[in-house]
Every structure is written in structure tokens, then in C-alpha cells.
Number of protein chains: 2
Amino acid sequence: MISGKFAITIHILTLLHKFPNDYLSSEFIAGSMNLNPVLVRKEIANLKAHHIVESKEGKNGGTKLAVNAAELTLKQIFEMTFETIGLGFAKNQPNPDCPVGKNINQHLENLYSEMNQKVGAQLEGISLEDFSNQF
Amino acid sequence: MISGKFAITIHILTLLHKFPNDYLSSEFIAGSMNLNPVLVRKEIANLKAHHIVESKEGKNGGTKLAVNAAELTLKQIFEMTFETIGLGFAKNQPNPDCPVGKNINQHLENLYSEMNQKVGAQLEGISLEDFSNQF
DNA sequence: CATACTGTAATAAAATATGTTACAAATTTA
DNA sequence: TAAATTTGTAACATATTTTATTACAGTATG
């Protein structure tokens, strides 16, 4: 999963932030985004692996935030769900006898790396609390 | 086509810049990137629509640059091939009765819009000539 | 012990991206 | 003027990636 992950994850986290005292069920969360609960649970599994949320199994179980929303940045969320932005690479092995084909991917990589630094700097300045408080 | 477009297009343009006096065939270009010539011709059609290249049909035909490579920026190429970057939206219509679901896409849009401004500024500072001269 | 959850695997369906074939139209050159 | 070569484009086929569904074992609650 690439597309969707970030949007689903930030949606989950925003809901958790809005209900800081409750364990929210994947069914409830999925209802807000009109999505299959299994997909929500998959993203929650990812968040748990990063110790961002904790969840409780069994009846009346669910998930709640395990970190301070003021200290969790969108950059961290981005890194947990997207890795990097970019505009694509040459898909097939380009012709190694052509100076352009041989090096194109490396130069694209350099370009995208700078893009990620810029975007990362932007996202680092926004906390989950900031984002959530817009609603 | 979303992914691939930018990478294919900049590859084409770099080759055209390296051979400024020749009409390069889609077959030749495709050979450098190990791609089907039809896909190359599709991107060339896009470039032609934006008056970035001109091409000649028939025997010994092909395509060549129609603009000054020092004045064509990566931002322009980005806009011709990618439109915008972003980290995805809620795919399904979110629940309109939920304050978060109702507004999530708008807030994501705002966030991505700022990302695009930052990336756009970066890409605006790099010309095709700059990029091509790295090879 | 019935109920309501999570966790996860397996599978299916849908969407998107990439690749191929085919051929008409254009131009060159012999 | 005929053969060769190339663009332009449509139609179709395949591959890949995303998203959705089903199923069920495990766990906590009351």
C-alpha cells in the first residue's frame, strides 16, 4: 500500500486526538472514513509498531493515542507511511551504453532527495495537535 | 499514466538536448531507456501539445527541441507531466456527519498545496540545460 | 460462557500503469 | 513513382498495485 496510507493514518490519529479518553474501535474509525475496518486495523498495526498508539483487545477494546499530540509531527507520520515523495524513475533497466540512460536514475534520485528535504522541513513544523485543531 | 511520465519526459528532453542538431526517432530514444517506442511517442505528443518539441514525420523523421534548454525549467516539465505531488486523499466519500470525515480532504488539500509551492520553487530553479549538463 | 473486540492471513476485485499490435498518413530517397 | 522509414493514434492485452472482503483464532469483559 502506498497511496492512501498517509491519509488513512492521519485520519485515524486525528480521531484519536479528538477522543483522548476513549479506546476507539476500528469499526467506529472506519465509519468516519467509510472504509473497511481491516484496512484501519492494518494502519493501526503500523502505528503500534512505531509506539504511537496502544490498543486493547477484547470486548470494549480499541485504540488510543500513546504519545503527546503536540510532539508528534507530520514528518514522523509521513515517514511511517510514505517513505519518500518523488516523480518516478525509469522503470526498466535503461541502456548502460548510453550516458544518459546509464545515469538518469541517479540524477533523479538526487533531485527527489532535495525535494524530500524541503517537504520534510515543512512537515516537521506541523504537529498532530496543530493539524487536529483545525477541525 | 501518472508514474513514469516525468521520468520518461525528462529522459527524452535530455537526449534531445544532447543532440541539438538531429531529429531523433522514437525508436532511438526508446533504446536508451529500454522502453516501447509507442510510450515514447505518447510523451512526445504531450510535449508537442506544449510546443516544447517539434517533430517531422516520414523517413528520417523524428523529434527535436523547439525551445531554449536554458529557459525550460523542471517546474514546467513537472506541470506537464505530474500536476501535483501529495500524500493521498480519503478515497471513499468520508462520513459527512463526522466533523473530521467531513473536512479531512480539504485540510489535506491545503497541506499538499503548500508542499507543491515548496517543490515548485525548487524545480523552478533548475533548467533542462542544468539537468542535462550533469551527464 | 456469550459478546465484542483485535490481529492477521488468504483471497478477490478493482483500478491503474505499462506494453503490444496494427495500420493510416507523411516524407524521403533511390 | 515506388519502396522504405517514420510519426500518430487507436485498440487491445498484460502486469502491477491498491483496495476490499471473508474468515477465523485469540483476548478481554461482564
Side-chain angles (χ1 to χ4, degrees), chain A residues 1-9 11-12 15-16 19 22-31 33-66 81-83 86-94, chain B residues 1-9 11-12 15-16 19 22-31 33-66 81-83 86-94:
Chain A
M1 189 191 294
I2 290 174
S3 154
K5 270 187 92 148
F6 176 85
I8 293 170
T9 297
H11 197 148
I12 293 170
L15 286 170
L16 295 179
F19 298 92
D22 299 324
Y23 282 89
L24 302 185
S25 75
S26 62
E27 186 95 19
F28 174 83
I29 295 171
M33 51 180 105
N34 187 21
L35 199 70
N36 194 293
V38 175
L39 299 180
V40 172
R41 299 208 283 268
K42 275 183 186 161
E43 294 316 315
I44 284 173
N46 184 35
L47 287 167
K48 279 182 64 176
H50 288 88
H51 309 101
I52 304 300
V53 303
E54 55 179 280
S55 47
K56 210 169 63 172
E57 294 188 27
K59 190 169 176 180
N60 297 332
T63 301
K64 72 195 260 302
L65 261 187
T81 58
F82 216 89
E83 275 113 52
L87 308 176
F89 292 95
K91 190 187 178 190
N92 304 323
Q93 189 57 247
Chain B
M1 189 191 293
I2 289 175
S3 150
K5 270 188 91 148
F6 177 83
I8 293 171
T9 298
H11 197 147
I12 293 169
L15 285 171
L16 295 180
F19 297 91
D22 299 325
Y23 282 89
L24 302 186
S25 73
S26 62
E27 187 94 21
F28 174 84
I29 295 170
M33 50 181 104
N34 188 18
L35 199 69
N36 193 294
V38 174
L39 299 179
V40 172
R41 299 208 283 268
K42 276 181 186 163
E43 295 315 316
I44 284 172
N46 184 36
L47 288 167
K48 280 183 64 177
H50 289 88
H51 308 102
I52 305 299
V53 303
E54 55 178 280
S55 49
K56 213 169 61 172
E57 294 186 27
K59 190 168 177 181
N60 297 330
T63 301
K64 75 198 257 302
L65 262 187
T81 57
F82 216 89
E83 277 111 51
L87 309 177
F89 292 96
K91 188 184 178 190
N92 304 324
Q93 189 56 249

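Proteins get letters first, then strands, A, B, ... in listed order; numbering begins at 1 in each.
Across the protein-nucleic acid pair, A:Asp22 atom CG and C:dC5 atom P stand 13 Å apart, rounded to whole Å. For B:Leu39 and C:dT21, the CG to P distance is 13 Å, given to the nearest whole Å. When rounded to the nearest whole Å, the span between CE of B:Met33 and P of C:dT18 equals 13 Å. A straight line from CD of A:Glu83 to P of D:dT17 spans 14 Å, rounded to a whole angstrom. Protein atom CD1 of A:Ile12 is 14 Å distant from nucleotide atom C1' of C:dT6, rounded to whole Å. Residue A:Asn36 contributes atom CG, which lies 16 Å from atom P of C:dA12 at whole-angstrom precision. Taking atom CG of residue B:Asn34 and atom C1' of nucleotide C:dG19, one finds them 12 Å apart after rounding to whole Å. One can place CD of A:Glu43 at 14 Å from C1' of C:dT8, the figure rounded to the nearest angstrom.
Shown here are the ring pair (Phe, Tyr, Trp, His ring centres under 6.0 Å) partners of A:Phe28, two or more places apart in sequence or in another chain: A:Phe19. A search for side chain to side chain contact (heavy atoms under 4.5 Å, CB included) contacts involving A:Glu27 returns A:Ser25, A:Pro37, not counting sequence neighbours. Shown here are the side chain to side chain contact (heavy atoms under 4.5 Å, CB included) partners of A:Ala90, two or more places apart in sequence or in another chain: A:Pro94, A:Ile104, A:Asn105. A search for side chain to side chain contact (heavy atoms under 4.5 Å, CB included) contacts involving B:Lys56 returns B:Tyr23, not counting sequence neighbours. Among residues two or more places apart in sequence or in another chain, the side chain to side chain donor-acceptor pair (under 3.5 Å) test is passed with A:Ser26 by A:Arg41.
Using modelled atom types, no side-chain atom of B:Asn92 and backbone atom of A:Leu35 make a donor-acceptor pair closer than 3.5 Å.
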How does protein reach along nucleotides 4-10 of chain D, written 5' to 3' as B (base within reach of a heavy atom under 4.0 Å), S (only sugar-phosphate), or - (no contact)?
BBBBBBB
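At the heavy-atom level, A:Asn92 lies under 4.0 Å from the strands shown only through sugar-phosphate atoms.
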